Colleague: 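Following this message is one structure expressed as structure tokens.
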Amino acid sequence: MFDSTTRTVVVVGAQWGDEGKGKLVDVLAERADWVVRYQGGANAGHTVDIGHRSFVLHQIPSGILHQGVRCAIGNGVVLDPETLFAEMDELVRDGVDVEGRLYVSDRAHLVLPYHKLVDGESAASKAIGTTGRGIGPAYEDKVGRRGVRVTDLRHTERLRQLVELGVAHANAQLQRFGSPRRAEVEETMNRLAAIAPRLLALADDVGLVIHDARRSGAAVLLEGAQGSLLDVDHGTYPYVTSSNTTVGGAFVGAGLAPNGTHAALGVVKAYTTRVGNGPLPTEFDEELGTRVRMLGNEFGATTGRPRRCGWFDAVVVRYAVRVNGLTHLAVTKLDVLDTLERIGLCTGYRVHGDHVKEFPADIAALDDVTPEYEWFDGWRTSTAAARRLADLPGTARRYLDRIQTLVEAPIRHVSVGTRRDQIIET
């Protein structure tokens with residue numbers, strides 16, 4: 001997707017997350033100079049299979065697996081430093097050279113122990129189905145102007161003032177929840193003192209670094225977490241994450257101006273999944289849901305939670321194409337459908353008997369949605385060895401063609417397995 005005129009590519013999820021963005025970033029990173037993660041935190045898990053080895057990356061961009069590619073964590077991320085270091089150390093043990101290749105924005109906010117404590121005790125977090133990693137409370141502190149940024153580790157007195165504010169707010173919440181647990185200022189300060197030297201050694205003005213790289217002609221890949229339907233503004237609110245997961249959030253979260261030519265790649269599964277509560281209009285019945293979940297190994301890379309599964313929803317993806325300005329699609333996990341006798345494709349909704357073409361903002365309307373389907377006979381043969389579109393069964397090609405037509409975006413990549421080489425580029 002990189003060429004002489006397009007030197008910036010944004011990769012976003014165009015469903016409810018878990019679409020396989022890590023593999024696409026890994027494939028595209030081979031042609032990139034920089035890969036930048038722009039939002040979310042350790043609640044995400046990007047899985048990349050290389051040969052017989054599987055890497056699960058929670059905060060470090062997937063480009064780290066390509067020697068010579070430099071990676072950055074942008075200001076839009078809420079960073080868990082202890083998890084970051086554990087991830088770095090594991091990569092080094094697996095033979096991945098991280099030294100001098102990873103940068104952290106000094107404007108990024110930190111996920112602290114009291115954020116995880118609040119997340120774990122909050123009834124609201126449990127109702128929404130969060131990962132319990134402290135992401136929401138960290139973003140709440142960011143917006144509440146009591147967040148701790150990486151750069152604050154340079155100033156002990158200012159750091160203490162911010163931690164005191166954060167701990168007081170956390171303890172007030174814990175008391176309101178009826179929890180006997182409490183956060184401690186000194187415990188938090190001691191943990192920050194322990195991690196500060198290593199984290200500050202990675203800190204830089206990432207926005208400036210990437211700005212200069214773009215001006216010099218570098219190929220820059222912006223990598224997001226979660227999916228467009230989990231965007232705090234454009235998703236199925238309140239069953240959303242706490243950040244902007246869409247393309248607009250990419251430039252804000254990386255510290256870049258949205259000028260110049262860029263490509264926007266939306267990653268979708270050949271069916272639909274989501275984790276936790278909230279609308280999923282095309283959800284399978286229990287029997288088919290269990291079957292597809294096992295075929296696709298639909299369990300969270302971060303939490304291990306089972307994912308809910310349903311047919312491909314063109315209304316959802318067409319909406320994601322619009323709000324992101326997607327220029328291309330990548331369809332993953334086509335091979336998971338290989339054994340199904342019949343495959344459904346949602347083309348529209350009916351709400352209270354009325355035909356609806358656009359994805360509604362109203363959660364109550366989504367509760368009353370009746371999906372409209374087109375049906376395809378299953379191709380009933382393995383697609384795992386396909387490396388060209390012509391290698392796919394005719395029914396599979398017709399299915400993909402229909403998706404392109406319905407969502408109004410061309411398909412650029414089709415993934416037919418978990419390995420790096422199991423991908424078709426159209």
Side-chain angles (χ1 to χ4, degrees), residues 11 18 20-74 77-106 108 110-113 115-116 131-135 138 150 153 190-204 206 209 221 223-226 297 299-305 415 417-423:
V11 177
D18 308 308
K21 296 180 293 297
K23 177 176 180 177
L24 268 298
V25 170
D26 176 64
V27 168
L28 293 172
E30 190 173 17
R31 307 161 206 175
D33 299 300
W34 283 90
V35 180
V36 185
R37 170 78 179 275
Y38 60 81
Q39 52 74 225
N43 54 342
H46 288 179
T47 303
V48 179
D49 289 333
I50 303 173
H52 299 293
R53 301 165 69 189
S54 183
F55 297 86
V56 180
L57 301 169
H58 297 282
Q59 297 183 105
I60 298 176
S62 307
I64 201 71
L65 300 175
H66 289 272
Q67 188 174 3
V69 175
R70 287 182 283 183
C71 297
I73 296 173
V77 172
V78 286
L79 181 70
D80 184 333
E82 293 173 341
T83 301
L84 173 70
F85 296 148
E87 195 171 325
M88 290 173 63
D89 293 342
E90 185 173 357
L91 285 168
V92 171
R93 285 194 296 272
D94 286 337
V96 178
D97 180 20
V98 178
E99 185 69 29
R101 297 178 53 215
L102 180 63
Y103 296 68
V104 174
S105 172
D106 53 11
L110 299 182
V111 177
L112 299 175
H115 295 134
K116 299 177 187 179
T131 61
R133 299 293 180 100
I135 308 303
V150 172
L153 299 179
N190 289 338
R191 292 177 76 163
L192 288 172
I195 61 97
R198 189 176 184 186
L199 187 57
L200 287 173
L202 303 173
D204 210 327
V206 162
V209 170
L221 187 59
E223 173 186 17
Q226 290 91 35
N297 190 28
F299 299 90
T302 299
T303 64
R305 289 185 298 177
S415 176
T418 61
R419 297 196 316 270
R420 178 183 277 177
D421 66 320
Q422 289 182 296
I423 197 159

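Source: prediction; values computed, not measured. For the single chain, residues carry numbers from 1 onward in sequence order.
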Colleague: Among V104, L91, V96, which one satisfies side-chain contact (heavy atoms from CB on, under 4.5 Å) with I60?
Modeller: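 So, applying the side-chain contact (heavy atoms from CB on, under 4.5 Å) to I60 and each of V104, L91, V96, only L91 qualifies.
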Colleague: Side chains of V206 and I73: does their closest heavy-atom pair fall under 4.5 Å?
Modeller: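 No. Closest side-chain heavy atoms not under 4.5 Å.
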Colleague: E82: what forms a side-chain hydrogen bond (donor to acceptor under 3.5 Å, both in side chains) with it, not counting sequence neighbours?
Modeller: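 E82 satisfies side-chain hydrogen bond (donor to acceptor under 3.5 Å, both in side chains) with R191 only.
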Colleague: For D89, check side-chain hydrogen bond (donor to acceptor under 3.5 Å, both in side chains) against everything at least two apart and list the hits.
Modeller: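 For D89 the side-chain hydrogen bond (donor to acceptor under 3.5 Å, both in side chains) partners, ignoring immediate neighbours, are R198.
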Colleague: Could you walk me through whether S62 and E223 pass the side-chain hydrogen bond (donor to acceptor under 3.5 Å, both in side chains) check?
Modeller: CA-CA 8 Å; S62 307; E223 173 186 17; 3.0 Å; yes
Colleague: Going from CZ on R37 to CG on L102, what distance comes out if it is rounded to the nearest 0.5 angstrom?
Modeller: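 Rounded to the nearest 0.5 Å, the CZ-CG separation comes to 12.0 Å.
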Colleague: Between the main-chain N or O of R419 and the side-chain N or O of K23, is there a donor-acceptor pair closer than 3.5 Å?
Modeller: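 Looks like yes, one N/O pair under 3.5 Å.
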Colleague: Any side-chain heavy atom of H66 sitting closer than 4.5 Å to one from V35?
Modeller: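 No, side chains not in contact.
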Colleague: Using side chain to side chain contact (heavy atoms under 4.5 Å, CB included), reason through L24 and K21 one step at a time and then give a plain yes or no.
Modeller: CA-CA 5 Å; L24 268 298; K21 296 180 293 297; 5.7 Å; no
Colleague: Between atom CZ of F299 and atom CG of D18, what is the distance when rounded to the nearest 0.5 Å?
Modeller: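 With rounding to 0.5 Å, CZ (F299) is 12.5 Å from CG (D18).
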Colleague: Got T83 and V111 here, is their nearest side-chain heavy-atom distance under 4.5 Å?
Modeller: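 Sidechains of V111 and T83: no contact.
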Colleague: Which residue pairs satisfy the side chain to side chain donor-acceptor pair (under 3.5 Å) criterion with at least one member in residues 91-106, sequence neighbours excluded?
Modeller: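 Found none.
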Colleague: Step by step, work out the side chain to side chain contact (heavy atoms under 4.5 Å, CB included) result for L84 and L199.
Modeller: CA-CA 9 Å; L84 173 70; L199 187 57; 4.2 Å; yes
